[in-house]
Amino acid sequence: MAHLTKNPANKERFMCLYPAYLNSKKTLAEGRRIPIEKAVENPTCAEIRDVLAAAGVNVEVENKMYPREWNRDVQFRDRVRVQLKKEDGSLCNEKFSSRKDVMFYVAEMIPKLKTRTQKSGGGDTNAQQGEGGKKGKKKKK
């Protein structure tokens with residue numbers, strides 16, 4: 001019940017950040033909130049949490065689904081809560097004065113994560129998978 005409190009340090013008043021906000025595979029109607037040029041391909045809550053924790057921001061992950069997300073898989077679950085302001089109303093981190101600043105920073109830093117840079121090599125091993133299956137079938141007369 002965030003509307004009942006004015007304290008910005010209350011966890012219910014933290015900014016909510018869903019991976020769909022930063023996903024380049026989503027359209028604006030599907031929930032992307034930043035330009036596609038700056039968006040990231042399939043970000044996860046763990047990546048968002050890691051980037052923001054490294055920036056020194058108070059972060060919390062919650063087991064909540066984004067309402068516009070049709071896929072109920074585990075990888076599309078969770079949201080990240082980010083503290084933007086302290087109890088006295090001053091900013092926690094001068095880099096992040098608004099929600100957009102946080103989203104742009106996260107989208108810029110996720111591709112630089114070690115997990116993202118290491119995955120790029122040797123991905124063509126399963127490229128031939130899925131071919132075949134109907135080789136022995138003949139038309140019935």
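Because only heavy atoms are used, hydrogens play no part in the values below, and waters and symmetry mates are left out as well, while side chains stay in.
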Self-check item: Expected output: side-chain Arg68 to main-chain Ala29 donor-acceptor under 3.5 Å
Solution: yes
With a 3.5 Å cut-off and sequence neighbours excluded, list the donor-acceptor pairs that the side chains of residues 51-63 form with protein atoms.
from, atom 1, to, atom 2, distance (Å)
Asn58, ND2, Gln83, OE1, 2.9
Glu60, OE1, Lys11, NZ, 3.3
Glu62, OE1, Arg79, NE, 2.5
Glu62, OE1, Arg79, NH2, 2.9
Glu62, OE1, Arg81, NE, 3.1
Glu62, OE2, Arg81, NE, 3.4
Asn63, OD1, Arg77, NE, 3.2

Practice problem: Please name all residues satisfying side chain to side chain donor-acceptor pair (under 3.5 Å) with Arg33, sequence neighbours left out, ordered by chain then number. | Solution: Tyr21
Exercise. Could you pull out all residues at least two apart from Pro111 that satisfy side chain to side chain contact (heavy atoms under 4.5 Å, CB included)?
Key: Val40
Exercise. Starting at CD of Glu41, measure out to CD1 of Ile36 and round the result to the nearest 0.5 Å.
Key: 10.5 Å
Quiz item: Does anything in residues 89-100 pair up under salt bridge (charged side-chain N to carboxylate O under 4.0 Å, His left out), and if so which pairs, sequence neighbours excluded?
Solution: none
Quiz item: Would Tyr105 end up clustered with Leu17 when hydrophobic side chains under 4.5 Å apart are linked, directly or stepwise?
Solution: yes
Quiz prompt | Any Arg32 side-chain heavy atom under 4.5 Å of Leu22 side chain | solution = no
Quiz item: About how many Å separate CD of Glu47 and OG1 of Thr115, when rounded to the nearest 0.5 Å?
Solution: 5.0 Å
Exercise. Not counting sequence neighbours, which residues clear side chain to side chain donor-acceptor pair (under 3.5 Å) with Ser97? List them please.
Key: Asp101
Quiz item: Are Met15 and Ile34 joined in one hydrophobic group, where the rule is that I, L, V, M, F, W and Y side chains link up if heavy atoms are under 4.5 Å apart?
Solution: yes
Quiz item: Which atom pair, heavy atoms only, marks the closest approach of Ile110 to Pro43?
Solution: CD1-CB, 3.8 Å
Quiz item: What residues, two or more places apart in sequence or in another chain, satisfy salt bridge (Lys or Arg N to Asp or Glu O under 4.0 Å) together with Lys38?
Solution: none
Quiz item: Between Tyr18 and Tyr66, how do the two ring planes meet: parallel, tilted or perpendicular, split at 30° and 60°?
Solution: tilted
Quiz item: Can you check whether Thr44 reaches Pro19 side chain to side chain, under 4.5 Å on heavy atoms?
Solution: no
